[in-house]
Amino acid sequence: MQKRRIVIIGGGFMGVKCALELSRANLDNTKIRLITDKSNFEYHGALYRLVAGKSPMEVCLPLRDILDESRVEIIIDKAIAIDTKDQYVTGESGSTYNYDDLVLGLGAETNYFGIPGLQENSWGMKTIDDALQLKKHVIQTLQMCPAQDHAERTKALNFVIIGAGPTGVELAGELGGYAKQLIANANLDPNLVNIVLVERSDRILPKLHQKLSKKITKRLQKLGVDVRTSCIVESLENDVVTLSGEPLSSSTVVWTAGVKANALVDQLGAEQDRMGRIKVNQYMNAPGLENVYVGGDIASTQWSGMAQTAINDGVFVANAIRRKITNPDSVARIYSQKEPIYAIPAGPAWSGTQFGKLNFFGRTGWMLRRLVDWVVFINFLPFGKAWAAFRSHYHVQDDNTC
Ligand SMILES: Cc1cc2nc3c(=O)[nH]c(=O)nc-3n(C[C@H](O)[C@H](O)[C@H](O)COP(=O)(O)OP(=O)(O)OC[C@H]3O[C@@H](n4cnc5c(N)ncnc54)[C@H](O)[C@@H]3O)c2cc1C
């Protein structure tokens, strides 16, 4: 009898969690394949620290460390086409992968909303590659400062971060301290470093409690960040970013403000929301495609866009497939939304954390943030490796050179 083929695409929070759970279920006569375009799992929540010279160990977890003991076959390939009629996926390598059940955890892509010059000239913050390139650029830019004239140096020391969601806030809080340290090493005044955080809404972290926004704004201002709300980026050309009509010269503009679903999901032909995410049904299927499951950032659910949601989705989908195989006559469970914990660091050892209706700030918030980090690591790694990844937070990787 032919084995039942479960194909999972995407080696991120959703895909890997689903693969782990399916492997643990020890299903007879099934073959689980994880197709992903990278050999590492990326913990995005710690990317901002990588930009500021911290160890990549915390961010970059080899898939083999996670799945070595499992029954999952890892295939490094980029899926480029999905045929839902004949049930196969085509990879960039030319290989095809037939499936009986398909799980999609493809994650999000950057959305530049067509703002002139932004895609070509801004720095991204979505992947380890983005973070490492940005770090290298920051170091190189600051190294040139001592030999520059006033105008060039001002441009080099203006760092503009667009988007005051969690990513923008985390980066703004960390980058200032790092840039100041580098510039002081070059015997220049650290106060010349200017971090500008730009937000279109009338407050930072607009999706979170107002109190949290206020406290974190104050904290960032204390760290010297210039927080500009109700401010719109209009263009980025020739190292000049125009913010609500005002030009600002800057060598470093980081775009963290827009995401959309991975474009591969367009091929499903299922209904999508304005961010391109699939409007999944209550079983996390793409409507009309009972054996295609969609989760994480590409599913249009209330708390989509958060790692904790993607982990929950991975568990839910694994359970749904397991039930279908082991107990097909039972009633299928219905997806339920779970509000994630938002833990937003703003500078070293300080976090604003929203846990349901409760808010925590400062050191307490930070300890909760570290707890969230730990939960992520222990969800994916065996205890020893999870502890090593957790501890690596305290390692400075860097000699501040490129
Ligand atoms: C900078 C940053 C900070 C964040 N901080 C937090 C935080 O603190 N807390 C929180 O809860 N959430 C945070 N998030 C959000 C969180 O990372 C995402 O919600 C989560 O990664 C979504 O999981 P996913 O599995 O849907 O996608 P991902 O984790 O992005 O995984 C998608 C995977 O699919 C692979 N892939 C993509 N296309 C293909 C293809 N065609 N073929 C094969 N493989 C493919 C990708 O390489 C990747 O491995 C942050 C995100 C960013 C960018």
Side-chain angles (χ1 to χ4, degrees), residues 7-19 33-51 58-61 63 66 74-82 89-93 95 97 103-110 123-131 134 161 163 165-171 174 205 208 254-259 261-267 277-278 294-299 301 303-314 317 338-345 351-354 368-370 372-373 375-376 379-380:
V7 169
I8 301 168
I9 312 182
F13 285 87
M14 152 73 182
V16 175
K17 188 65 189 170
C18 186
R33 295 174 125 182
L34 176 70
I35 300 169
T36 188
D37 56 1
K38 292 185 195 122
S39 57
N40 298 312
F41 168 92
E42 300 195 352
Y43 177 33
H44 301 133
L47 273 183
Y48 73 97
R49 297 199 278 254
L50 193 54
V51 178
E58 192 184 14
V59 184
C60 181
L61 312 179
L63 282 175
I66 301 174
I74 304 171
I75 298 171
I76 305 300
D77 198 357
K78 180 172 180 165
I80 53 168
I82 302 172
V89 173
T90 307
E92 204 171 45
S93 65
S95 304
Y97 308 97
V103 180
L104 299 178
L106 290 157
E109 293 175 352
T110 305
W123 296 86
M125 257 304 276
K126 270 215 64 56
T127 62
I128 292 176
D129 275 356
D130 289 345
L134 176 57
I161 299 165
T167 305
V169 167
E170 288 167 0
L171 186 63
E174 196 78 10
L205 301 164
L208 275 63
V254 188
W255 174 249
T256 74
V259 287
N262 188 307
L264 193 61
V265 300
D266 300 351
Q267 296 189 15
R277 301 175 306 188
I278 299 293
V294 176
D297 284 4
I298 55 170
T301 58
W303 308 109
S304 175
M306 294 296 288
Q308 296 151 69
T309 305
I311 292 174
N312 291 340
D313 293 358
V317 169
K338 285 189 196 145
E339 184 176 359
I341 302 174
Y342 290 88
I344 321 287
S351 176
T353 300
Q354 177 177 308
L368 286 168
R369 164 63 196 219
R370 293 297 285 143
V372 172
D373 289 341
V375 170
V376 168
N379 249 288
F380 291 99

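When a ligand or atom number is given, it counts from 1 through the structure's own listing order. Just so you know, these numbers use all the heavy atoms, side chains as well, and skip hydrogens, waters and symmetry mates.
Residue-environment remark: NZ (K126) exceeds the threshold of 12 foreign heavy atoms within 6.0 Å.
For ligand 1, the atoms lying closer than 4.0 Å to a non-hydrogen atom of G10 are 33 (C), 34 (O), 35 (C). Atoms of ligand 1 lying under 4.0 Å from any heavy atom of N262, numbered from 1 in the order shown and given with element: 37 (C), 38 (N). Using a 4.0 Å cut-off to heavy atoms of Q308, the atoms of ligand 1 that qualify are 11 (O). Ligand 1 places these atoms under 4.0 Å from at least one heavy atom of G296: 26 (O). Of all atoms in ligand 1, listed by their number and element, those nearer than 4.0 Å to a heavy atom of K38 are 47 (O). Heavy-atom contacts of M14 reach the following atoms of ligand 1: 25 (O) (cutoff under 4.0 Å). Contact atoms of ligand 1 toward M125: 1 (C), 53 (C) (distance under 4.0 Å to a heavy atom of the residue). Atoms of ligand 1 lying under 4.0 Å from at least one heavy atom of T36, given by number and element, are 35 (C), 43 (C), 44 (N), 49 (O).
Scanning the protein for heavy atoms near atom 35 (C) of ligand 1, the closest one is D37 OD1, 3.4 Å. Protein heavy atom at the shortest distance from atom 8 (O) of ligand 1 is R369 NH1, 3.3 Å. Protein heavy atom at the shortest distance from atom 22 (C) of ligand 1 is D297 OD1, 3.2 Å. The protein non-hydrogen atom at the shortest distance from atom 13 (C) of ligand 1 is A307 N, 4.3 Å. What sits closest to atom 9 (N) of ligand 1 on the protein, heavy atoms only, is M306 CE, 3.9 Å. Protein heavy atom at the shortest distance from atom 32 (C) of ligand 1 is G105 O, 3.3 Å. When hydrogens are left out, the protein atom nearest atom 6 (C) of ligand 1 is G45 CA, 3.9 Å; that is the closest non-hydrogen contact. The single protein non-hydrogen atom nearest to atom 15 (C) of ligand 1 is G305 O, 3.3 Å, given as residue, atom name and distance.
Remark: distances from the non-hydrogen atoms of P166 to ligand 1 are all 4.0 Å or more. Within the structure, ligand 1 lacks L171 among the residues with a heavy atom less than 4.0 angstrom away.
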What do the steps show when you test I82 against L104 for side-chain contact (heavy atoms from CB on, under 4.5 Å), and what is the final call?
CA-CA 10 Å; I82 302 172; L104 299 178; 4.1 Å; yes
Please test L34 against V16 for side-chain contact (heavy atoms from CB on, under 4.5 Å), starting from the C-alpha separation and ending with a verdict.
CA-CA 8 Å; L34 176 70; V16 175; 4.2 Å; yes
Let's go through K338 and M306 carefully: what are the C-alpha distance in whole Å and the side-chain angles of both, what is the deciding distance for side-chain contact (heavy atoms from CB on, under 4.5 Å) to 0.1 Å, and is it a yes or a no?
CA-CA 11 Å; K338 285 189 196 145; M306 294 296 288; over 6 Å; no
Would V103 and M14 satisfy side-chain contact (heavy atoms from CB on, under 4.5 Å), going step by step from the backbone distance to the final call?
CA-CA 9 Å; V103 180; M14 152 73 182; 3.3 Å; yes
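In this structure, D130 contributes its side chain and T127 its backbone to a donor-acceptor pair below 3.5 Å. A donor-acceptor contact shorter than 3.5 Å is absent between the side chain of T90 and the backbone of I80. No donor-acceptor pair closer than 3.5 Å links the side chain of Q308 to the backbone N or O of Y342.
Distances from atom 31 (O) of ligand 1 to the heavy atoms of S304, A261, G12 put G12 nearest. When the heavy-atom distances from atom 29 (O) of ligand 1 to Y43, F13, Y48 are ranked, the shortest goes to F13.
Remark: of the listed residues N379, T309, I311, D297, I311 is the sole one forming a side chain to side chain contact (heavy atoms under 4.5 Å, CB included) with F13. Tested against T36, the residues I9, L63, L106 include a single side chain to side chain contact (heavy atoms under 4.5 Å, CB included) partner, L63.
Annotation: side chain of E170 is not in contact with side chain of M125 (no heavy-atom distance under 4.5 Å). Using a 4.5 Å heavy-atom cutoff, the side chains of L134 and L171 are in contact.
For D77, the salt bridge (Lys or Arg N to Asp or Glu O under 4.0 Å) criterion is met by no residue, not counting sequence neighbours. Remark: E58 pairs with R49, H393 by the side chain to side chain donor-acceptor pair (under 3.5 Å) rule, at least two apart or across chains.
Checked against a 3.5 angstrom limit, the closest N/O atoms of G15 and ligand 1 fall outside it. Some N or O of H44 is nearer than 3.5 Å to an N or O of ligand 1, by distance alone.
In I9, the part holding a heavy atom less than 4.0 Å from any atom of ligand 1 is the side chain.
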